[in-house]
Amino acid sequence: MTREQLEGLSLPKHIGIIMDGNGRWAKKRGLERTEGHKAGADVFRKICNYGADIGIECMTFYAFSTENWRRPPKEVAAIMKLFRDYLKEANEREKENEQRGLQFHLIGEKKGLPADIVRNLDTLERDSADKKVMRVNLAINYGGRDEILHSVKALAGMAKRGEIKPDAITEEDIASHLFTAGQPDPDLIIRPSGEYRLSNFMIWQAAYSEFWFSDILWPDFTTDDLDRAILDYCSRQRRFGGV
Ligand code: FPP
């Protein structure tokens with residue numbers, strides 16, 4: 001598989017990835033689950049940079065769901081440390097203008113996340129706001145239902161204040177109060193690790209997304225696998241409900 005095969009194709013503008021299988025990857029090797037997340041974070045770095053290199057406009061990485069707080073505290077703490085390490089590294093590279101033109105956004109609830117992580121995310125969002133190569137959405141403390149609820153509450157507030165008529169609420173109004181307001185919906189959603197479900201990931205935005213599933217565990221996912229998923233996507237015909 002070579003990158004050249006993608007040349008001339010109409011690539012997906014927005015790719016969402018559910019980074020799954022870290023725990024099983026570690027177990028297979030007799031390692032702690034946290035080692036799987038560490039390996040997964042390295043693959044995140046690689047795939048994110050590669051996406052920018054091949055001209056993807058936006059990538060969303062599902063890193064921590066609103067349900068993941070139910071995991072053992074030690075595992076949650078280890079994942080938070082990976083976020084901390086990455087944010088520190090990204091902020092340092094951003095200062096040196098070495099962050100490859102990546103523009104970062106948190107999609108998820110700040111409330112509930114450790115204060116230092118929120119601070120570092122805010123800094124990265126602010127300092128990378130003018131970057132144009134690729135937008136990176138970090139889905140941390142993210143849940144699709146929670147996001148829709150957020151939007152509904154905002155619209156209900158507007159209705160109560162008389163700023164909007166309930167009957168006149170449109171799909172665009174709902175979309176414009178999601179964390180992804182103003183962004184294109186994901187064209188392609190990738191889920192490795194042999195699971196065939198969305199797990200509360202971008203459930204509003206995924207209405208017309210193409211899906212690509214594979215048995216590969218996330219820490220084994222390579223740039224060749226991303227090429228394969230994109231090539232597969234490019235061979236499909238999207239009809240958006242038409243004929
Ligand atoms: C799901 O695999 C994975 C997670 C809940 C954590 C994902 C986090 C990372 C890959 C780290 C990301 C880091 C940065 C810097 C964004 P699982 O643990 O459910 O795997 P399993 O199904 O095999 O148990």
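Small disclaimer: the values here were computed from a predicted structure and weren't measured.
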If the condition is ring pair (Phe, Tyr, Trp, His ring centres under 6.0 Å), which residues does F61 pass it with, not counting sequence neighbours?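 F61 satisfies ring pair (Phe, Tyr, Trp, His ring centres under 6.0 Å) with F44 once adjacent residues are dropped.
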Non-neighbouring partners of W69 that pass ring pair (Phe, Tyr, Trp, His ring centres under 6.0 Å), sequence neighbours left out: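 So W69 forms a ring pair (Phe, Tyr, Trp, His ring centres under 6.0 Å) with F64.
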Electrostatic pair [X]:[Y] at N-O distance under 4.0 angstrom:
| X | Y | answer |
| --- | --- | --- |
| D225 | K46 | no |
| D122 | R119 | no |
| R236 | D232 | yes |
| K81 | D85 | yes |

To the nearest 0.5 Å, tell me how far [X] [atom1] sits from [Y] [atom2].
| X | Y | atom1 | atom2 | value |
| --- | --- | --- | --- | --- |
| I140 | L138 | CD1 | CG | 5.0 Å |
| D42 | Y86 | CG | OH | 11.5 Å |
| L178 | D146 | CG | CG | 11.0 Å |
| T222 | D220 | OG1 | CG | 9.0 Å |
| I230 | L11 | CD1 | CG | 6.0 Å |
| M19 | H37 | CE | NE2 | 10.5 Å |

Is there a path from [X] to [Y] through hydrophobic residues (I, L, V, M, F, W, Y) whose side chains come within less than 4.5 Å of each other?
| X | Y | answer |
| --- | --- | --- |
| I17 | I79 | yes |
| L155 | L149 | no |
| F211 | I216 | no |
| L198 | I148 | yes |
| V152 | I107 | yes |

Taking ring-ring contact (aromatic ring centres under 6.0 Å, His included) as the cut-off, I'd like each qualifying pair that reaches into residues 172-194, sequence neighbours left out, listed once.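 Listed once each, the pairs are H150-F179.
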Going by side chain to side chain donor-acceptor pair (under 3.5 Å), name the residues that satisfy it together with [X], two or more places apart in sequence or in a different chain.
| X | answer |
| --- | --- |
| K74 | E32 |
| E35 | none |
| K131 | E94 |

Side chains of T170 and D173: do they bring a donor and an acceptor to under 3.5 Å?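 Note: T170 and D173 side chains meet the donor-acceptor criterion.
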Main chain of [Y], side chain of [X]: is a donor-acceptor contact present, judged purely on distance under 3.5 Å?
| X | Y | value |
| --- | --- | --- |
| Y142 | M202 | yes |
| N141 | K111 | yes |
| D187 | H14 | yes |
| R24 | L217 | no |
| S151 | I174 | yes |
| R191 | R197 | yes |
| Y233 | I15 | no |
| D185 | Y208 | no |
| Q103 | A129 | yes |
| N91 | L87 | yes |

Full working for side-chain contact (heavy atoms from CB on, under 4.5 Å) between L31 and W25: CA-CA 9 Å; L31 301 169; W25 182 91; 4.1 Å; yes
Can you establish whether the number of heavy atoms outside R29 located under 6.0 Å from its atom CZ is more than 12?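 Atom CZ in R29 is packed in, count exceeds 12.
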Determine whether more than 12 heavy atoms belonging to other residues, nucleotides or ligands lie under 6.0 Å from atom CD of E163.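 Atom CD in E163 is packed in, count exceeds 12.
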Indicate the atoms forming the closest heavy-atom contact of [X] with [Y], along with that distance.
| X | Y | result |
| --- | --- | --- |
| D215 | G194 | OD1-CA, 3.4 Å |
| I56 | P12 | CD1-O, 3.6 Å |
| V76 | N68 | CG2-O, 3.7 Å |
| N200 | Y62 | O-OH, 3.7 Å |
| L226 | M59 | CD2-CE, 4.3 Å |
| W218 | G40 | NE1-O, 3.0 Å |

Please test Q99 against D127 for side-chain hydrogen bond (donor to acceptor under 3.5 Å, both in side chains), starting from the C-alpha separation and ending with a verdict. CA-CA 11 Å; Q99 192 52 321; D127 294 351; over 6 Å; no
Just so I know, are the side chains of [X] and [Y] near enough to count as touching, which here means a heavy-atom distance under 4.5 Å?
| X | Y | result |
| --- | --- | --- |
| N120 | K88 | no |
| L102 | S128 | no |
| C48 | M134 | yes |
| R228 | L231 | no |
| P114 | R84 | yes |

Passing candidate, salt bridge (charged side-chain N to carboxylate O under 4.0 Å, His left out) with E75, options R70, K38, R33: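 Only one of R70, K38, R33 forms a salt bridge (charged side-chain N to carboxylate O under 4.0 Å, His left out) with E75, namely R33.
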